[in-house]
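Shown next, in structure tokens, is the structure this report addresses.
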Amino acid sequence: MYSLRKVALCFLFGSGSAWGSTSTANKAQTDVLRYVDPLIGSDNGGNVFAGASLPYGMAKPVADVNGQNTGGFSTDGSNITGFSHMHDSGTGGNPSLGNFPLFPQYCPEDEIDNCNFPKADRALPYIASSVVARPGYFSLTLQNGIQAEMTAAEHAALYRFHFPEETTSNGSALSPLMLLDLTDEWDSRQNASIEIDPATGTIKGNGTFLPSFGAGSYVSYFCVDFAGAVVHDNGIWVNNRAGTDPKKLYVTRGFNNFYIQAGGFVRFNRPNDGVVTARVGVSFISTDRACQNAMQEIPSPLEDFDTLRERAETAWREKLSPISVEAGGASDALLTSFWSGIYRTMLSPQNYTGENPLWDSGEPYFDSFYCIWDSFRAQHPLLTIIDPAAQSKMIRSLLDTYVHEGWLPDCRMSLCKGWTQGGSNADVLLADACIKNLTGIDWNLAYEAMVNDAENEPLEWSYEGRGGLMSWKRLNYIPYLDFDYLGFGTNSRSISRTLEYSYNDFSLATVGKGIGKEYTKYLSRASNWKNLFKADQKSFINSTDTGFTGFFQPKFLNGTWGYQDPIACSPLTDFCSLTSNPSETFESSVWEYQFYVPHDMATLIKLLGGPDEFVSRLDFFHTSGLADIGNEPVFLTVFQYHYAGRPALSAHRAHSYIPASFNASNDGLPGNDDSGAMGAFTVFSMTGLFPNPGQNVYLIIPPFFEAVSFTHPETNKTATIRNVNFDNTYKNIYIQNATLNGESYSKNWIGHEFFTEGMTLELTLGSEESSWGTRPEDLPPSLSTVGTQILDDFPF
Ligand SMILES: *[C@@H]1O[C@H](CO)[C@@H](O)[C@H](O)[C@H]1NC(C)=O
Ligand SMILES: *[C@@H]1O[C@H](CO)[C@@H](O)[C@H](O)[C@H]1NC(C)=O
Ligand SMILES: *[C@@H]1O[C@H](CO)[C@@H](O)[C@H](O)[C@H]1NC(C)=O
Ligand SMILES: *[C@@H]1O[C@H](CO)[C@@H](O)[C@H](O)[C@H]1NC(C)=O
Ligand SMILES: *[C@@H]1O[C@H](CO)[C@@H](O)[C@H](O)[C@H]1NC(C)=O
Ligand SMILES: *[C@@H]1O[C@H](CO)[C@@H](O)[C@H](O)[C@H]1NC(C)=O
Ligand SMILES: *[C@@H]1O[C@H](CO)[C@@H](O)[C@H](O)[C@H]1NC(C)=O
Ligand SMILES: *[C@@H]1O[C@H](CO)[C@@H](O)[C@H](O)[C@H]1NC(C)=O
Ligand SMILES: *[C@@H]1O[C@H](CO)[C@@H](O)[C@H](O)[C@H]1NC(C)=O
Ligand SMILES: *[C@@H]1O[C@H](CO)[C@@H](O)[C@H](O)[C@H]1NC(C)=O
Ligand SMILES: *[C@@H]1O[C@H](CO)[C@@H](O)[C@H](O)[C@H]1NC(C)=O
């Protein structure tokens with residue numbers, strides 16, 4: 001029924017534009033990969049995946065540590081426990097994936113029982129200066145002198161382990177040992193099987209594991225074979241003992257959930273060059289498929305390493321090629337933050353097309369949407385510009401997940417449903433794709449999936465859909481301590497869910513109007529946020545009045561106000577998540593959420609006391625410690641001065657956070673990268689165009705470089721945003737005036753046509769705030785100022 005995809009635009013009517021010309025981009029000659037540093041965010045909780053990967057690749061080999069191991073490796077000074085083949089990047093749940101690690105070692109005196117098998121026993125420091133992390137390549141040397149190098153294909157990883165020569169006390173050569181552990185980063189294994197071919201040392205197996213921030217379990221398969229060394233012996237290990245007789249093993253959890261450490265091993269005669277090559281195929285379908293993946297993608301393990309690495313580099317260059325920068329003397333550190341940020345947005349979601357065991361529909365299947373609450377704000381909008389074909393496939397994958405699992409995902413990892421953090425924010429991704437003309441999407445299906453979110457409450461709304469829909473429809477807000485017997489979820493977040501559901505319904509109205517379906521009902525619900533605004537609410541910090549009146553507050557079913565301190569859940573107080581201190585706002589305070597009305601900033605600004613008062617609030621928020629720059633809800637607040645007619649202050653604010661909180665060091669992210677969300681924030685901020693996702697709006701500030709160009713991969717037209725009077729010491733960061741395609745341009749925002757039509761925006765800078773972009777007619781659209789036009793593809 002859904003197999004026929006309509007390759008149509010979301011909007012029924014549209015007029016062509018004569019602007020722009022197809023031009024060959026003036027590509028910088030420097031290799032941009034030079035500016036990609038995969039180690040950014042490898043410490044300080046960035047949880048970034050630092051290893052080798054293709055763009056959106058499923059195979060992601062890296063060294064695993066026993067410290068900050070959420071993304072596998074960290075430069076936090078902890079020890080190496082193995083080298084595993086799949087990871088997530090930047091996530092904040094439990095450590096993710098990292099299944100079936102390999103670990104190289106020698107057994108003293110060549111006695112197998114002298115080897116260290118369990119994780120804690122085998123963990124070893126690495127030589128800090130030995131770490132090399134490049135696109136498509138990762139390498140380090142363990143303290144014992146063994147070096148591990150790795151590169152990646154789509155569903156297979158290739159390792160070279162270099163064993164230095166070592167001998168027993170009587171002078172005979174030691175035999176390199178490779179162990180394989182039936183575990184993952186989180187030790188979540190439920191049961192697992194392994195089988196070793198005695199002649200070749202090939203190890204195959206499978207295991208059932210738990211998703212790191214979701215429900216259920218998943219089965220993962222692997223197939224490892226070795227090359228370059230003659231097999232000496234092999235077998236299995238359990239705890240600290242190993243034997244060569246058994247060649248098979250099955251482990252499970254006993255009645256008390258006991259976790260046994262176990263796996264297989266292969267020993268080799270040390271080859272002259274000391275190199276043992278390991279080729280690892282991974283799959284979610286079967287062991288045979290894992291072996292096929294390995295053989296197809298890495299046909300000659302002894303010869304393919306450099307080719308694979310070069311192929312990965314080429315793939316990354318290609319993915320980064322739509323963008324070019326004229327640095328204008330901006331520092332290499334800023335260039336590195338910028339290019340690395342783009343790189344990280346293409347580590348996840350991961351392309352599991354052909355590897356989905358749950359259904360087979362012929363549609364693309366992407367996984368590791370981890371989580372959309374983080375990624376809808378900047379990461380997916382960036383992919384929409386630089387890789388619209390991939391973004392369109394991701395959207396199709398979300399819709400196909402709706403078809404087969406009944407709901408759009410809000411978070412998804414390892415083939416499982418992840419926990420919902422706020423609203424049903426896939427709705428925003430769909431509206432964003434619609435308004436930006438992504439092709440290949442079945443918009444009737446998209447509308448149906450969004451209506452499902454808006455109208456039908458699932459039994460389990462902790463991982464799909466929305467809760468509290470009876471109240472949402474009847475009372476037009478999510479009540480504090482709702483009486484909801486239809487479905488189950490953490491009964492908290494009434495304020496943040498009211499705000500997010502309002503925007504989600506606005507997104508639904510956008511798609512509905514676009515394809516000529518019912519939308520007025522959802523447009524009306526898009527104003528529900530107003531119902532939680534308590535006009536006389538004050539906010540105190542240590543008994544001192546912040547001086548601002550009027551905040552969102554929780555409201556009971558009977559209409560009586562509840563209370564949540566507006567500063568609760570901010571960095572000044574306690575963190576509030578689903579499990580720790582669940583509150584009426586999620587991972588963010590009333591102070592931060594008060595700015596979350598992306599579709600009607602004009603009304604919000606009025607409620608908050610007018611533009612000047614609004615600007616004071618934003619300033620206070622950003623300078624008092626209330627802003628949590630380490631988490632995604634803060635993103636848009638950096639640029640919302642635009643809506644008060646003060647675009648200069650957005651520029652000022654962006655410079656206060658970059659590079660102070662987002663920079664090119666290993667600890668250079670203020671929080672979890674969240675699959676590249678922080679990377680995308682950095683990139684958009686430095687580009688000078690920040691999206692209001694779900695709307696055809698980018699807020700303009702001066703780029704951090706002299707100029708940034710984007711060649712649209714489908715139209716081939718090149719858009720350029722250029723600073724005149726660019727100052728690389730960033731004193732001139734205020735736009736004095738602007739031209740678009742040579743004509744004076746005074747709006748402080750621009751639409752997506754800028755990219756698709758290849759326009760040129762020139763910004764003349766000065767050191768003082770000017771009147772540019774400050775008049776009412778210069779401001780971005782709001783529902784209350786432009787009416788339903790805001791739903792149209794109308795910006796010019
Ligand atoms: C979307 O396509 C329509 C019709 O071709 C066009 O008028 C409109 O400008 C496009 N919008 C964007 C954001 O590119
Ligand atoms: C790393 O291993 C070394 C030696 O085995 C040990 O001394 C050190 O405490 C370990 N460090 C961590 C962070 O576990
Ligand atoms: C040296 O020690 C190894 C292992 O301990 C043993 O197998 C080998 O026979 C010994 N060789 C000599 C020459 O003693
Ligand atoms: C493995 O564990 C999973 C999850 O606990 C369970 O559903 C499955 O039946 C187990 N499989 C085997 C073969 O024991
Ligand atoms: C895992 O492998 C074992 C041994 O080959 C096999 O019996 C079992 O069915 C496999 N489990 C799954 C879930 O494929
Ligand atoms: C995803 O993977 C499939 C199968 O390997 C491939 O055909 C497709 O081109 C990939 N898509 C993207 C966007 O990388
Ligand atoms: C509130 O007062 C306490 C005790 O003096 C102090 O430690 C804390 O930093 C103050 N908090 C703020 C946000 O000023
Ligand atoms: C409304 O409900 C709350 C919570 O149960 C209660 O504290 C309050 O008194 C009620 N208000 C009225 C007017 O009944
Ligand atoms: C880089 O960013 C991190 C994380 O936000 C911050 O702690 C650090 O101070 C910044 N470093 C510099 C030199 O600004
Ligand atoms: C864009 O360029 C590519 C590669 O040169 C070409 O295949 C494609 O047809 C061009 N598309 C348009 C719309 O010009
Ligand atoms: C922009 O402002 C600069 C500095 O005030 C001025 O020299 C220039 O003529 C202005 N350009 C336009 C197009 O108004």
Side-chain angles (χ1 to χ4, degrees), residues 41 43-47 67-71 74 76 88 90-96 185-188 210-216 370-375 377 410-414 416-423 425 460-464 466-468 478 480-482 484 487-500 539 541 552-554 562-594 596 621 625-635 669-675 677-678:
D43 197 358
N44 194 34
N47 295 347
Q68 294 174 35
N69 64 347
T70 310
S74 172
D76 65 353
D88 277 314
T91 60
N94 294 299
S96 206
E185 302 286 353
W186 186 26
D187 293 343
S188 80
L210 306 183
S212 50
F213 188 65
Y370 198 168
C371 294
I372 293 176
W373 185 80
D374 304 295
S375 61
R377 301 165 202 265
D410 195 59
C411 193
R412 194 170 175 86
M413 78 289 306
S414 311
C416 293
K417 295 172 182 177
W419 307 124
T420 298
Q421 295 173 272
N425 286 314
E460 178 77 78
W461 52 267
S462 13
Y463 59 46
E464 56 201 12
R466 308 185 200 167
I478 297 296
Y480 185 28
L481 303 178
D482 194 14
D484 179 8
F488 302 91
T490 314
N491 198 357
S492 63
R493 301 162 287 153
S494 62
I495 298 174
S496 50
R497 283 165 54 219
T498 295
L499 291 164
E500 293 195 29
S539 169
I541 299 178
F552 293 114
Q553 281 294 296
Y563 174 69
Q564 177 171 309
D565 186 340
I567 72 166
C569 309
S570 77
L572 298 181
T573 60
D574 296 326
F575 189 67
C576 305
S577 68
L578 289 172
T579 47
S580 94
N581 193 23
S583 299
E584 298 318 298
T585 46
F586 179 75
E587 286 193 359
S588 188
S589 58
V590 164
W591 257 97
E592 194 156 284
Y593 260 104
Q594 77 177 312
Y596 193 68
F621 169 69
L626 285 164
D628 181 1
I629 194 62
N631 211 350
E632 284 72 8
V634 80
F635 285 2
L669 298 181
N672 306 148
D673 194 32
D674 291 316
S675 304
M678 296 273 158

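Values reported hereafter were calculated over all heavy atoms of this structure, with side chains retained and with hydrogens, waters and symmetry mates removed.
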Subject >> Shortest non-hydrogen contact from Gly423 toward Asp410 >> reply: O-OD1, 3.2 Å
Original post:
What distance separates Glu185 CD from Asn69 CG, expressed to the nearest 0.5 Å?
Top reply: 4.5 Å
Original post:
Would you say Asp76's side chain and Asp43's backbone share a donor-acceptor pair under 3.5 angstrom?
Top reply: no
Subject >> Aromatic ring pairing Phe213/Trp419, orientation class (parallel under 30°, perpendicular over 60°, tilted between) >> reply: perpendicular
Subject >> Closest non-hydrogen atom pair between Asn631 and Glu587, with its separation >> reply: ND2-OE1, 2.9 Å
Original post:
Checking side chain to side chain donor-acceptor pair (under 3.5 Å) for the pair Gln564/Thr585: CA distance, chi angles, key distance, verdict?
Top reply: CA-CA 9 Å; Gln564 177 171 309; Thr585 46; 2.8 Å; yes
Original post:
Within a strict 4.5 Å, meaning less than it, do heavy atoms of the Ile567 and Ser589 side chains meet?
Top reply: no
Original post:
What is the minimum heavy-atom distance between Trp186 and Pro95, and which atoms define it?
Top reply: CB-O, 3.5 Å
Original post:
Under the side chain to side chain donor-acceptor pair (under 3.5 Å) criterion, do Ser212 and Asn94 qualify, and how do the steps go?
Top reply: CA-CA 5 Å; Ser212 50; Asn94 294 299; over 6 Å; no
**OP:** Drop me the distance from Arg493's CZ to Ser577's OG, to the nearest 0.5 angstrom.
**Re:** 10.0 Å
Subject >> Phe575 side, atom CZ; Thr573 side, atom OG1 - distance, nearest 0.5 Å >> reply: 11.0 Å
Subject >> Minimum side-chain heavy-atom gap Val634-Ile629 below 4.5 Å >> reply: yes
**OP:** Applying side chain to side chain donor-acceptor pair (under 3.5 Å), name anything that partners Ser588, two or more places apart in sequence or on another chain.
**Re:** Glu592
Subject >> Contact summary for Thr91 and Ser96, nearest pair of heavy atoms >> reply: OG1-CB, 4.4 Å
**OP:** Could you give me the CA-CA distance, side-chain angles and deciding distance for Thr420 and Trp461, then say whether side chain to side chain donor-acceptor pair (under 3.5 Å) is met?
**Re:** CA-CA 8 Å; Thr420 298; Trp461 52 267; over 6 Å; no
**OP:** Could you tell me whether the side chain of Asn491 reaches within less than 4.5 Å of the side chain of Asp484, counting heavy atoms only?
**Re:** no
Original post:
Got Gln421 and Phe586 here, is their nearest side-chain heavy-atom distance under 4.5 Å?
Top reply: yes
